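Reading through the structure tokens given below for one structure.
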Amino acid sequence: MDLARPDLRPDPSLSRDEMEALQREIAAAATFDDEHALDPAAVAVEEAASLADGLPPARDDAQEQLGTGAAGASTGTAADADAPTVVGVDQAFLTDRGEDRPDAAVSAAVALRGGSVVEYASATTPLSIPYIPGLLAFREGEPILAALDTLDTEPDLLVCDGSGRIHFREAGLATHVGVLRDVPSVGVAKSLLCGEPDESTAERPEGWRTPVRADDAVTTAEPGTAIGHAFQSRQYPNSRRVNPLYVSPGHRVSAERAVDLVEALCAGYKLPEPTRLADAHAERVKRNAE
DNA sequence: GCGACAG
DNA sequence: ATCTTGTCGC
């Protein structure tokens with residue numbers, strides 16, 4: 001595979017200090033502006049896929065463009081085929097019976113175009129490094145790159161499960177993967193690693209957002225710098241409260257554009273569709289492996 | 001020493 | 001992340 005920055009690819013034998021130094025290099029190589037960013041309207045997902053009867057089949061653009069099906073009956077359009085490709089990435093873990101620690105990662109990549117799935121890919125990789133807060137990319141980065149390698153489609157945007165710029169050295173998983181491949185990427189986390197939301201996130205309506213600003217834990221940014229957003233992607237009218245998402249730039253997008261993209265990719269559920277589908281695909285691959 | 005921390 | 005039933009509310 002052609003890594004954009006093979007020089008920034010981590011060596012498995014790095015010490016913790018060396019990993020942190022590499023993250024500072026990766027953050028320096030990352031761009032958090034919209035010069036190459038996508039238009040949220042171009043990637044919007046209108047309707048959520050139903051997962052009740054399993055994952056939807058991948059659409060075959062080539063056949064649809066040739067008019068293989070009944071005339072006019074196809075839901076795919078030429079515009080869909082030309083739309084940017086958004087790839088959601090997520091992982092599941094395999095633990096051997098009797099063991100307490102997972103020994104392999106299942107990385108799933110699901111490509112969407114015009115709101116529907118065009119390709120599923122996955123890779124199962126032995127795990128070497130344990131989970132350490134701040135160093136997640138060294139555990140999950142290579143497995144994710146392995147899954148992306150098996151994708152035929154070239155991603156225009158990666159949606160990663162975890163932080164991007166919301167990170168101690170502004171180099172979370174989404175930034176790590178985005179920079180190594182030099183592809184625009186966003187990070188979507190279900191909890192906050194570091195930084196401080198401008199406003200309390202308690203009981204907010206759907207669509208609400210507030211900037212997350214760097215605090216003292218972020219060692220590479222001036223305190224107060226906007227590094228991402230808390231975003232209420234879903235909320236119930238009554239009672240039960242849904243926690244917000246924490247969205248941050250990975251690479252080649254601003255904090256503002258990152259949330260706009262994620263908002264456009266949400267279709268009624270808490271998680272954006274690419275992430276939701278990648279999660280389900282990873283679970284399916286895992287289940288078929290046990 | 002304690003806190004605090006994506007998946 | 002993973003181990004898991006029911007249960008509450010849409």
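Values reported hereafter were calculated over all heavy atoms of this structure, with side chains retained and with hydrogens, waters and symmetry mates removed. Small disclaimer: the values here were computed from a predicted structure and weren't measured. The chains referred to below are lettered A, B, ... by the order of the sequence lines, with proteins before strands, and numbering in each begins at 1.
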**Whole angstrom value for the distance that separates P of dT2(C) from CG of D90(A)** = 8 Å
**Asked** According to the Watson-Crick and G-U wobble definition with distances under 3.5 Å, which dot-bracket string, read 5' to 3', encodes DNA chain B, using [ ] for crossing pairs and | for pairs with another strand?
**Response** .......
**Item:** Euclidean distance, atom CD of residue Q91(A) to atom P of dA1(C) [Å, nearest integer]
**Value:** 11 Å
**Request:** Using the ring of Y269(A) (Phe, Tyr or Trp, six-membered ring only), decide whether R276(A) places NZ or CZ under 6.0 Å from its centre and within 45 degrees of its axis.
**Result:** yes
**Asked** Would you say the side-chain atoms of S248(A) pair up with the backbone N or O of G228(A), donor to acceptor, closer than 3.5 Å?
**Response** no
**Request:** Would you mind classifying the nucleic acid contact of Y131(A) as base, sugar-phosphate or nothing, using non-hydrogen atoms under 4.0 angstrom?
**Result:** base
**Message:** From C-beta outward on F168(A), which listed nucleotide comes closest to its side chain: dT2(C), dC5(B), dA6(B)?
**Reply:** dC5(B)
**Prompt:** In Å and rounded to the nearest 0.5 Å, what is the CD to CG distance from E196(A) to D216(A)?
**Reply:** 11.0 Å
**Asked** When you look at R252(A) and T31(A), which way does the side chain to side chain donor-acceptor pair (under 3.5 Å) test go after all the steps?
**Response** CA-CA 5 Å; R252(A) 290 181 176 253; T31(A) 59; 4.9 Å; no
**Asked** Given pairs defined as Watson-Crick or G-U wobble with both distances under 3.5 Å, what dot-bracket annotation applies to DNA chain C, with ( ) intrastrand, [ ] crossing, | other strand and . unpaired?
**Response** ..........
**Separation of dC10(C) P from Y269(A) OH (nearest whole Å)** = 17 Å
**Request:** Have a look at L135(A) and say if it touches a base, only the backbone sugar-phosphate, or nothing, with a 4.0 Å heavy-atom cut-off.
**Result:** base
**Message:** What is the separation between atom CG on L136(A) and atom P on dA4(B), rounded to the nearest whole Å?
**Reply:** 21 Å
**Prompt:** So Y120(A) and H281(A), would you call those rings parallel, tilted or perpendicular, with 30° and 60° as cut-offs?
**Reply:** tilted
**Item:** Centroid under 5.5 Å and tilt under 30°, Y246(A) to dA6(B)
**Value:** no
**Request:** Using atom CG of D216(A) as one end and atom C1' of dG3(B) as the other, report the distance to the nearest whole Å.
**Result:** 13 Å
**Request:** Using only side-chain N and O atoms of K190(A), determine if any of them is under 4.0 Å from OP1 or OP2 of dG7(B).
**Result:** yes
**Request:** Give the C-alpha distance, both sets of side-chain angles, the deciding distance and a yes or no for side chain to side chain donor-acceptor pair (under 3.5 Å) between S254(A) and D33(A).
**Result:** CA-CA 4 Å; S254(A) 67; D33(A) 63 56; over 6 Å; no
**Request:** Using a heavy-atom cut-off of under 4.0 Å over every strand shown, decide if L192(A) touches base, sugar-phosphate, or nothing.
**Result:** sugar-phosphate
**Message:** Check this one for me: any side-chain N or O of K286(A) less than 4.0 Å away from OP1 or OP2 of dT2(C)?
**Reply:** yes
**Prompt:** Is the backbone of P143(A) close enough, under 3.5 Å, to the side chain of S107(A) for a donor and an acceptor to pair up by distance?
**Reply:** yes
**Item:** Atom pair distance, as rounded to whole Å: CD in E20(A) and C1' in dC5(B)
**Value:** 13 Å
**Prompt:** Between Y236(A) and R241(A), is there a cation-pi geometry (under 6.0 Å to ring centre, at most 45° from the normal)?
**Reply:** no
**Asked** E283(A) has an atom CD; how far is it from atom C1' of dT2(C), in whole Å?
**Response** 10 Å
**Message:** Distance alone, cut at 3.5 Å: any donor-acceptor contact between the side chains of E222(A) and T225(A)?
**Reply:** no
**Request:** Give one of base, sugar-phosphate or nothing for A105(A), where a contact means two heavy atoms less than 4.0 Å apart.
**Result:** nothing
**Asked** What nucleic acid atoms does T95(A) come within less than 4.0 Å of, heavy atoms only: base, sugar-phosphate, or nothing?
**Response** nothing
**Q232(A) and R204(A): CA distance, side-chain angles, deciding distance, side chain to side chain donor-acceptor pair (under 3.5 Å) verdict** = CA-CA 7 Å; Q232(A) 194 74 45; R204(A) 298 300 189 173; over 6 Å; no
**Message:** If I take atom CZ in residue F138(A) and atom P in nucleotide dG7(B), what distance separates them, rounded to the nearest angstrom?
**Reply:** 18 Å
**Message:** Taking 4.0 Å as the cut-off, does a side-chain nitrogen or oxygen of S191(A) come that near to OP1 or OP2 on dC5(B)?
**Reply:** no
